[in-house]
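Here is the structure we will look at.
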Amino acid sequence: AQSVTQLDSQVPVFEEAPVELRCNYSSSVSVYLFWYVQYPNQGLQLLLKYLSGSTLVESINGFEAEFNKSQTSFHLRKPSVHISDTAEYFCAALPLSGGYNKLIFGAGTRLAVHP
Amino acid sequence: DGGITQSPKYLFRKEGQNVTLSCEQNLNHDAMYWYRQDPGQGLRLIYYSQIVNDFQKGDIAEGYSVSREKKESFPLTVTSAQKNPTAFYLCASSPGGTGNQPQHFGDGTRLSIL
């Protein structure tokens with residue numbers, strides 16, 4: 001069975017510090033990988049995605065994630081966080097097994113940036 | 001701007017009452033989805049539809065029903081059979097019917113029991 005594990009439910013960090021949100025997946029087939037961000041009382045917004053090609057993907061607001069096939073990981077990083085980055089972050093995997101493929105979400109990591 | 005509109009933003013249900021959550025998209029997407037979000041549990045798939053007039057049960061379909069009569073609309077009914085309906089409900093859509101495209105989300109409806 002496929003699954004996505006986000007290793008930290010909450011990550012507190014000070015403003016301008018670096019942060020890493022960890023995500024591991026389990027799948028017997030190839031996957032696409034996504035990070036979504038959710039601000040309070042809002043829907044999810046796609047932050048970045050890995051479909052193929054370069055294993056390092058970047059978002060427009062300074063986040064990056066690296067696909068590591070051997071470690072089945074897709075950790076999200078930012079070298080310097082802002083207060084506005086406070087949100088919940090979801091890692092998701094899309095197994096490519098033919099036919100309809102269900103997007104599998106992790107439980108989420110709540111990032112709290114403190115001044 | 002294209003997007004997904006969910007309404008209402010907040011909804012209250014009395015015991016034994018059915019309520020319907022609206023989801024409309026103008027992205028011309030074929031596939032639409034309903035998720036339930038509970039604290040600490042991520043998103044769980046309730047129903048999905050790959051094409052008009054067709055829909056499939058997700059992981060937690062019991063106590064819910066849907067219809068897909070139009071491409072742009074995918075309403076979700078929370079029936080009285082759903083014993084724990086208090087949650088945040090998210091609607092999403094994606095271009096492809098096979099689901100291998102990023103999903104776009106609405107801003108959600110928060111359902112509470114009176």
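- Relative orientation of the A/Phe67 and A/Tyr50 rings is parallel, given thresholds of 30° and 60° on the angle between their planes.
- Relative ring orientation between B/Phe105 and B/Tyr35 is described as tilted, the plane-to-plane angle lying within the 30° to 60° band.
- Seen from the ring of B/Phe88, B/Arg110 counts as a face-on cation partner, given the 6.0 Å and 45° thresholds.
- In this structure, the separation between CZ on A/Arg22 and CG on A/Leu76 is 13.0 Å, given to the nearest 0.5 Å.
- Heavy atoms of A/Leu44 lying under 4.5 Å from chain B belong to its backbone as well as its side chain.
- Within the 4.5 angstrom heavy-atom criterion, only side-chain atoms of A/Gln38, from C-beta onward, approach chain B.
- In this structure, chain A has no heavy atom under 4.5 Å from any part of B/Tyr89.
- Only the side chain of B/Asp59 comes within contact range of chain A, with heavy atoms under 4.5 Å apart.
- Interface remark: A/Tyr36 contributes side-chain atoms only to the contact with chain B (heavy atom separation under 4.5 Å).
- No more than 12 heavy atoms of other residues, nucleotides or ligands lie within 6.0 Å of CD in B/Glu62, so this atom counts as exposed by the packing criterion.
- Looking at B/Leu43, the atoms closer than 4.5 Å to chain A (heavy atoms on both sides) sit in the backbone and in the side chain alike.
- Neither the backbone nor the side chain of B/Gln6 comes within contact range of chain A, judged by heavy atoms closer than 4.5 Å.
- The side-chain tip of A/Lys49 does not point at the ring of A/Phe34 from less than 6.0 angstrom away and within 45° of straight on.
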